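These notes are about the structure you will find just below.
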Amino acid sequence: MPPVFRFAPSPNGYLHLGHAYSALLNADLARAQGGRLLLRIEDIDQTRCRPEYEDAIYQDLAWLGIAWEPEVRRQSDHLALYRDAVEQLAARGLIYPAFESRAEIARLVAANDVVAPWPRDPDGAPLYPGAGKELAPEQRARLIASGVPYALRLDMAAARAIAGDLTWREFGEGPGGETGEVAARPEAWGDVVVARKETPTSYHLSVGIDDALQGVTEVVRGADLFWSTSVHRLLQTLLGLPAPRYRHHGLIRDADGRKLSKSTAATGLRELRAMGVSSEQIRRMVGLPPAS
Ligand code: GLU
């Protein structure tokens, strides 16, 4: 069976040089290994995703000379499937609704920080400080019926106890040089959000389901997602999904060493294309050898 690669951008902005690197690396590896390359549009966040960004993804990738298989998977077409997975987790008592707003969470964290620094996840966001897990079933039912927004969070301790110790096979490198068989540390993320009242899924949940359904065997993506893989392995295990192989690659940085942003014109692919930069020059700019 040929290896299956995928590039999975979110249409919430225009692609930049970092995306070009990731997409080209996927395409190069797929070609070198006689593999397939799929494209997936990760558009579950309907408040931030826009059709013009999705159109621009197709244009930019075509300009880069990347050939993906014609059937593109759009996550927004599969919400019922993600909802089923959430229900499976709920039926096993592994998720609970949490009703605190973002502002309330910030207040709780600030109050806790006074006592001792409140733990942060690998992205630097505070772990969930709220009391959702302790609410009685009738309190939950009453709040849900009242129509207030909520997030469905994974009971990390319970999930971890079922799944046991997990690892993944890393062919690239983590931020601390981790490679080979890497021990997953999903507990570092606390009780992560797996869905919200208005969105029946989350990045962490959908990515594992889609990789499995699309038969993806090789996940090649930026090192900023390295530690997210811990959560992906946990959810894959709970849902009985296979684990692909992972290759996290270094990030392209701007002249000041900062991570690229979708809104910076200097490194936007459309802007570079409009300036007459060629796809070969883009390959050089991101440190890839000329196309063979
Ligand atoms: N959609 C994610 C992003 O644009 C990438 C997800 C992945 O490659 O796993 O950052």
Side-chain angles (χ1 to χ4, degrees), residues 3-27 29-30 35-50 53-54 56-58 60-61 64 66 68 72-79 82 121-123 125 168-175 182 184 186 189 192-194 199 201-236 241-253 259-264 267-269:
V4 181
F5 294 78
R6 71 359 175 229
F7 179 57
S10 301
N12 55 12
Y14 293 113
L15 301 188
H16 54 56
L17 278 176
H19 298 104
Y21 178 49
S22 204
L24 287 166
L25 188 59
N26 268 287
L29 289 167
R36 300 166 53 200
L37 177 63
L38 309 180
L39 177 61
R40 181 165 76 228
I41 301 293
E42 300 211 323
D43 60 347
I44 50 175
D45 184 351
Q46 290 293 313
T47 58
R48 296 174 61 216
C49 293
R50 292 210 231 131
Y53 294 140
E54 185 176 331
I57 288 172
Y58 303 130
D60 289 339
L61 294 182
L64 287 172
I66 291 173
W68 62 94
V72 173
R73 184 177 176 90
R74 295 168 79 236
Q75 290 189 322
S76 58
D77 293 337
H78 300 280
L79 297 184
Y82 308 135
D121 70 22
D123 283 349
W168 78 83
R169 283 164 69 205
E170 175 64 45
F171 290 80
E173 214 175 67
V182 177
W189 295 87
V192 283
V193 172
V194 289
T199 314
T201 187
S202 58
Y203 161 61
H204 291 315
L205 183 71
S206 298
V207 73
I209 295 175
D210 285 349
D211 284 338
L213 285 178
Q214 292 189 286
V216 169
T217 60
E218 322 292 320
V219 169
V220 179
R221 63 185 176 195
D224 51 339
L225 293 170
F226 185 83
W227 285 117
S228 294
T229 312
S230 291
V231 180
H232 304 167
R233 288 291 299 116
L234 177 60
L235 290 168
Q236 285 160 355
L241 303 171
R245 298 160 11 130
Y246 290 88
R247 181 190 292 261
H248 291 91
H249 58 71
L251 301 180
I252 305 291
R253 305 208 170 258
K259 219 174 120 174
L260 301 185
S261 138
K262 277 184 169 143
S263 52
T264 312
T267 49
L269 297 185

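The structure presented is a predicted model; accordingly, all values stated were derived computationally and were not measured. Counting starts at 1 for both ligands and their atoms, in listed order.
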With a 3.5 Å cut-off and no angle check, do the side chains of Q214 and R40 form a donor-acceptor pair?
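Indeed, the side chains of Q214 and R40 share at least one donor-acceptor pair under 3.5 Å.
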Worksheet entry | R221 and H248 side chains, donor-acceptor separation under 3.5 Å |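 Checked: H248/R221 side chains pair up, N/O donor to acceptor below 3.5 Å.
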Nearest 0.5 angstrom please: I209 CD1 to H78 NE2, how far?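 Spacing of CD1 (I209) from NE2 (H78) equals 11.0 Å.
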Between W189 (side chain) and W227 (backbone), is there a donor-acceptor pair under 3.5 Å?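 Looks like yes, one N/O pair under 3.5 Å.
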Closest non-hydrogen protein atom to [atom], residue and atom name please, with distance?
atom: atom 10 (O) of ligand 1; answer: L225 CD1, 4.4 Å
atom: atom 3 (C) of ligand 1; answer: S10 OG, 3.9 Å
atom: atom 5 (C) of ligand 1; answer: A8 O, 3.4 Å

Practice task
Evaluate whether atom CZ of R48 has more than 12 neighbouring non-hydrogen atoms of other residues, nucleotides or ligands under 6.0 angstrom away.
Solution key: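 For R48, atom CZ is not crowded (no more than 12 foreign heavy atoms under 6.0 Å).
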>> Give the atom numbers and elements of ligand 1 that come within less than 4.0 Å of a heavy atom of V207.
In response: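 What qualifies from ligand 1 is 9 (O).
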Practice prompt. Below 4.0 angstrom from a heavy atom of Y203, which ligand 1 atoms are there? Numbered from 1 as shown, please.
Written response: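 Every atom of ligand 1 under 4.0 Å from some heavy atom of Y203: 6 (C), 7 (C), 9 (O).
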- Item | Aromatic plane relationship, W168 with Y246 - under 30° parallel, 30 to 60° tilted, over 60° perpendicular |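 Y246 and W168: perpendicular rings.
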- request: Kindly identify the option in Q75, H232, E42, R6 whose heavy atom sits closest to atom 6 (C) of ligand 1.
  value: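 Looking at heavy atoms only, E42 sits closest to atom 6 (C) of ligand 1.
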Q.
Checking contacts here: is it the side chain or the backbone of R40 that comes within 4.0 Å of ligand 1, counting heavy atoms only? Could be both or neither.
A.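 No part of R40 comes within reach of ligand 1.
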